[in-house]
Undergrad: 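Let me begin by handing over the structure; questions about it come next.
Since the model is a prediction, treat every value here as computed from it, not as a measurement. Order of the sequence lines sets the chain letters (A, B, ...), proteins ahead of strands, with each chain counted from 1.
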Protein chains: 2
Amino acid sequence: MNLTDAKAQFIQSWGIMGSQWGINRTMAQIHALLIIAAHPLTAEEIMEQLSISRGNTNMNVRELIDWGLLQKVIVPGERKEFFTAEKDIWKVATLIMYQRKKRELDPMVKVLNQLSEVEGDKNDADVKAFTETIGNIKKFTGQAEKTLDTMIKAEENWFWSSFLKLFK
Amino acid sequence: MNLTDAKAQFIQSWGIMGSQWGINRTMAQIHALLIIAAHPLTAEEIMEQLSISRGNTNMNVRELIDWGLLQKVIVPGERKEFFTAEKDIWKVATLIMYQRKKRELDPMVKVLNQLSEVEGDKNDADVKAFTETIGNIKKFTGQAEKTLDTMIKAEENWFWSSFLKLFK
DNA sequence: TATATGTTTCAATATTTATTGAAAGTTTAG
DNA sequence: CTAAACTTTCAATAAATATTGAAACATATA
């Protein structure tokens, strides 16, 4: 496989994976394109490379910037805006984890907290079973959140040394 | 909030979260319904509780069984099939992680392996940059997979004791 | 200031994905 | 064996989601 095909394949696969995880395919493809791009690209170039419209490009680039995965780059002497991606995969992963936690897990946790205050006879077997189930889920998510926070705050090196050993 | 409302709210939120993570909303709702159900339910009851069709129920229940999240239950003296969910949240989490790894991460890893064999001048800066990027992603996913495997194989207690301490 | 270059918005449209429901298939009890 | 009870399938349809493209908006240059 040559470099051009390999890049196309990477963009394709990254896009499919994104869509399976609830991330818009185009957004994932733009991200992939910029991860493997040798230089920052303009909106124009992104459009061409992925055969997508200007509007689509603009919206998804904005979303990616919002996630912290892309940055605008100023190129002296150029009117156009250039975009570049974070290439450190550890940082990419933590950024994505952080965003998804914030957007999807946190609201669920909020709901769980409300649900543990369900009223009713505490001796009623049904009420008891429900609050216990919710309690267990809360305990689990609480733990998962702590782990995630630690990972997000951690330095890459820490991951590749300590963390690695502990899980072997 | 009373028990009935709380249950409805839980099903609703679990469904929304599922859809944000690329899991069909109805599938997540059926799962939620059975997690908080006091007894195993029939397809009939699932249909009624969620106001969904027979076909939809059947398809999503099958998928959930395929994921290992639901089981058929034989109730003596009953013709109908009953369904029950795994209620241990740790087991639920590991089952989901295992399935998603298998279905979505593994194919990506396969592609990455192909991509690292890109042909071309190894001194070409572009080829070099590409293979390096792919190499880094592979290293990362390899590590993530190991971690996941360990978690999947681990006992719940281990998570709640050792793992917990290490991440504090 | 006028014009060209570049960016953003969003209603219309296309695409993808989920759902229905009725027919076909299967199993059990009598 | 056969009728009733129950389950599965899948083409048609509905609903959700993504994409386009042209007009409005913004900004730099001459």
Side-chain angles (χ1 to χ4, degrees), chain A residues 11-34 40-67 70-84 100 103-104, chain B residues 11-34 40-67 70-84 100 103-104:
Chain A
I11 291 166
Q12 186 70 7
S13 301
W14 199 256
I16 289 168
M17 196 174 65
S19 67
Q20 284 165 332
W21 287 86
I23 286 159
N24 167 328
R25 200 185 75 240
T26 303
M27 182 171 152
Q29 284 181 335
I30 294 175
H31 186 216
L33 174 65
L34 283 165
L41 303 182
T42 62
E44 209 73 26
E45 290 167 314
I46 294 170
M47 285 172 61
E48 280 164 21
Q49 299 262 342
L50 302 180
S51 306
I52 58 175
S53 74
R54 191 173 296 284
N56 199 6
T57 305
N58 184 274
M59 282 177 138
N60 284 109
V61 163
R62 184 140 39 85
E63 182 81 0
L64 282 162
I65 289 174
D66 199 40
W67 280 56
L70 253 53
Q71 284 185 295
K72 281 190 186 178
V73 176
I74 309 293
V75 176
E78 290 274 9
R79 284 266 306 258
K80 280 181 179 162
E81 293 175 331
F82 286 72
F83 302 98
T84 190
R100 302 215 73 167
R103 288 159 201 245
E104 293 128 26
Chain B
I11 292 166
Q12 186 68 9
S13 301
W14 199 258
I16 289 169
M17 196 173 66
S19 68
Q20 283 165 336
W21 288 88
I23 286 161
N24 169 326
R25 201 186 75 242
T26 302
M27 182 172 151
Q29 285 183 337
I30 294 175
H31 185 217
L33 173 64
L34 285 165
L41 303 181
T42 62
E44 209 73 26
E45 290 167 313
I46 295 169
M47 284 172 63
E48 279 164 23
Q49 299 262 344
L50 302 180
S51 307
I52 57 175
S53 73
R54 191 172 296 282
N56 198 5
T57 304
N58 185 273
M59 280 178 139
N60 285 110
V61 163
R62 183 140 39 86
E63 183 81 0
L64 281 163
I65 290 174
D66 199 40
W67 279 56
L70 253 52
Q71 282 186 296
K72 282 191 188 178
V73 177
I74 309 294
V75 175
E78 290 275 7
R79 280 277 298 267
K80 280 180 178 163
E81 294 176 332
F82 287 72
F83 303 98
T84 191
R100 301 214 72 164
R103 289 160 201 244
E104 293 128 26

Undergrad: Check whether any side-chain nitrogen or oxygen of Arg79(A) sits under 4.0 Å from OP1 or OP2 of dT7(C), and answer yes or no.
TA: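 For dT7(C), neither OP1 nor OP2 has a side-chain N or O of Arg79(A) closer than 4.0 Å.
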Undergrad: Side chains of residues 18-32 of chain B: which donor-acceptor pairs under 3.5 Å do they make with residues two or more places apart or in other chains?
TA:
{"from": "Ser19(B)", "atom 1": "OG", "to": "Ile16(B)", "atom 2": "O", "distance (Å)": "2.8"}
{"from": "Trp21(B)", "atom 1": "NE1", "to": "Glu104(A)", "atom 2": "OE1", "distance (Å)": "3.4"}
{"from": "Asn24(B)", "atom 1": "OD1", "to": "Thr26(B)", "atom 2": "N", "distance (Å)": "2.8"}
{"from": "Asn24(B)", "atom 1": "OD1", "to": "Met27(B)", "atom 2": "N", "distance (Å)": "3.2"}
{"from": "His31(B)", "atom 1": "ND1", "to": "Trp14(B)", "atom 2": "NE1", "distance (Å)": "3.4"}

Undergrad: To the nearest Å, give me how far apart CG (Leu64(A)) and P (dT8(C)) are.
TA: 14 Å
Undergrad: Between dC6(D) atom P and Phe83(B) atom CZ, what is the distance in whole Å?
TA: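 In whole Å, dC6(D) P and Phe83(B) CZ are 13 Å from each other.
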Undergrad: Starting at CG of Asp66(A), measure out to CG of Asn60(A) and round the result to the nearest 0.5 Å.
TA: 12.0 Å
Undergrad: Starting at CD1 of Ile46(A) and ending at C1' of dG6(C), how long is that distance when rounded to a whole Å?
TA: 14 Å
Undergrad: dA5(D) P sits how many Å from Met47(B) CE, rounded?
TA: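 The answer, rounded to whole Å, is 16 Å.
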Undergrad: List the protein contact pattern of nucleotides 14-21 of chain C with one symbol per nucleotide (5' to 3'): B for base contact, S for sugar-phosphate-only contact, - for none; contact means a heavy-atom distance under 4.0 Å.
TA: ----SSBB
Undergrad: Roughly, in whole Å, what's the span from CD in Glu45(A) to P in dG6(C)?
TA: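 Distance, rounded to whole Å: 12 Å.
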Undergrad: Whole Å only: how far is the CZ atom of Arg62(B) from the C1' atom of dT26(C)?
TA: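 The distance from CZ of Arg62(B) to C1' of dT26(C) comes to 14 Å, rounded to the nearest Å.
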Undergrad: Can you list the steps and then say if Arg62(B) with Asn58(B) is a side-chain contact (heavy atoms from CB on, under 4.5 Å)?
TA: CA-CA 6 Å; Arg62(B) 183 140 39 86; Asn58(B) 185 273; 3.5 Å; yes
Undergrad: Find the distance between CG (Leu41(A)) and CD (Glu48(A)) and round it off to the nearest 0.5 Å.
TA: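 The distance works out to 10.0 Å.
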Undergrad: Please classify the nucleic acid contact of Glu44(A) as base, sugar-phosphate, or nothing, using heavy-atom distances under 4.0 Å.
TA: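 Since no nucleic acid heavy atom lies under 4.0 Å of Glu44(A), the category is nothing.
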Undergrad: Report the distance from atom CG of Asn56(B) to atom CG of Leu50(B), rounding to the nearest 0.5 Å.
TA: 9.0 Å
Undergrad: Starting at atom CD of Glu78(B), determine the distance to atom C1' of dA29(C), rounded to an integer number of angstrom.
TA: 15 Å
Undergrad: Pick one: which of Ile65(B), Thr42(B), Thr57(B) meets side chain to side chain contact (heavy atoms under 4.5 Å, CB included) with Phe83(B)?
TA: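 With Phe83(B) as partner, side chain to side chain contact (heavy atoms under 4.5 Å, CB included) holds for just one option, Ile65(B).
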Undergrad: What is the separation between atom NZ on Lys80(B) and atom P on dA4(D), rounded to the nearest whole Å?
TA: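 Nearest whole value for this atom pair: 17 Å.
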